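Report on the structure given below.
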There are 2 protein chains.
Amino acid sequence: MKAHAHSHSHQRQKMSVLTGRLRQQARKITSPRAAILEILRQHPHPLTNKDIFAAMAKGQCDLATIYRAMHLLEEMGMVKRFDFGDGAARFELVGEGDDGHHHHLICTRCAGVVEIEECFPSQIESRIAAANGFKSVTHKLEFFGICPECQ
Amino acid sequence: MKAHAHSHSHQRQKMSVLTGRLRQQARKITSPRAAILEILRQHPHPLTNKDIFAAMAKGQCDLATIYRAMHLLEEMGMVKRFDFGDGAARFELVGEGDDGHHHHLICTRCAGVVEIEECFPSQIESRIAAANGFKSVTHKLEFFGICPECQ
DNA sequence: ATTTTAAATGCAAATCGTTTGCATCTCAAT
DNA sequence: ATTGAGATGCAAACGATTTGCATTTAAAAT
């Protein structure tokens, strides 16, 4: 699987903007956090905590710190959590203002990931919500298949 | 959350049919398996291994046995695995011939589950597959919201 | 520049869902 | 009743994630 275009708001965010968002919340810009943000900026793909850990210079930060940082960033809306069903959470940096909602097409052979434009039709989702009396309905949606290289 | 109708092929399957499918594969009808199938028949909802374990008379079977049984049943296509994103796999009995593909609407407050008719539009899925050169594309889709009772 | 202190980190131990090795047991075919 | 593949129980192992706690550090206050 190769890289792909990101029509989403994935224009690499400036580090100063990222650290600024942290500062606003009275959070410290520590070296582990700076390293994590830098790695996320450079990889516009969903990364597991372990991926992030592996992308760092050895011993630069503890794995537990990454877990804690991802929780913080998720609460702050700076990253979005994705679940590809393999038991490991993945995270992607989210642009300011953006809610990061989108989906992926994942190769079940090589684990390659393509970001997808399409989303579940909102009017159908509204109908589902209404028909069952639910409020604030969203969805999690991921596609799985076999990529060109793996066929 | 209360029970709901199952327009799917969830007419409670006869136990004899279920055991028959096992026998065909030269698998034994053991007391743990019979108990598991009975519990699945009686609960047309996605159940975790622990749910199944809890639904049994204490000491009737080991939790590890349930895990093994669910793997077997899944391979045989007798149950379908669902992932609600909370880290625990859930299973539903699948009718013969049916592939069990469907989705749920889950209350994020009380964890109540409603089975959903709607599915992701297949022509859009085909377009996504074609646009990226993927084959054998499927999807995982679940809806989340707040049910009437929890609002 | 130094002090101060809440926030953050490292490390190890703990949790949770799930899997597995192995000795023992039990269907179901003979 | 015999028997052998398939199943089970139990405990240990696992991988992802979380947490307690003593120590460190960023950044606000002095």
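What you see below is based on every heavy atom in this structure, not just the backbone, and it leaves out hydrogens, waters and symmetry mates. No experiment lies behind these values; they were computed from the predicted model shown. Residue numbers start from 1 in every chain, and the chains themselves are labelled A, B, ... in the order their sequence lines are given, proteins ahead of strands.
- Look at A:Lys28 and you won't find any side-chain N or O under 4.0 angstrom from OP1 or OP2 of C:dA6.
- Both B:Thr48 and B:Thr30 lie close to DNA chain C; mapped to their nearest nucleotides by heavy-atom distance, the more 5′-ward contact belongs to B:Thr48.
- With distances taken from any side-chain atom of A:Asp62 to the nucleotides D:dG9, C:dC11, C:dG17, the minimum falls on C:dC11.
- Within the 4.0 Å cut-off from OP1 or OP2 of D:dT17, at least one side-chain nitrogen or oxygen of A:Tyr67 is found.
- Remark on DNA chain D: of its neighbouring residues A:Ala64 and B:Thr65, the 5'-side contact belongs to B:Thr65, judged by nearest-heavy-atom nucleotide.
- A tilted orientation is assigned to the rings of B:Phe84 and B:Phe82, their planes being inclined by 30° to 60°.
- At a threshold of 4.0 Å, the pair A:Glu118-B:Arg127 counts as salt-bridged, since one of the basic side-chain nitrogens sits closer than that to a carboxylate oxygen.
- If you find the closest nucleotide of DNA chain C to B:Lys50 and to A:Pro32, the one lying nearer the 5' end belongs to A:Pro32.
- No contact: A:Gln25 has no heavy atom under 4.0 Å from any strand.
- At least one side-chain nitrogen or oxygen of B:Asn49 sits closer than 4.0 Å to the OP1 or OP2 atom of C:dT18.
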Please report the C-alpha distance between B:Phe120 and A:Phe143 in whole Å, then the side-chain angles of each, then the deciding distance to 0.1 Å, and finally whether the ring-ring contact (aromatic ring centres under 6.0 Å, His included) criterion is met. CA-CA 10 Å; B:Phe120 190 82; A:Phe143 298 90; 5.0 Å; yes
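- Note on A:Arg33: a side-chain N or O is less than 4.0 Å away from OP1 or OP2 of C:dA8.
- Near DNA chain D, meaning a heavy atom under 4.0 Å from it, residues 68-83 of chain A has A:Arg68, A:His71 in order of number.
- Just one of B:Lys80, B:Arg81, B:Arg68 meets the salt bridge (charged side-chain N to carboxylate O under 4.0 Å, His left out) condition when paired with B:Glu74; it is B:Arg81.
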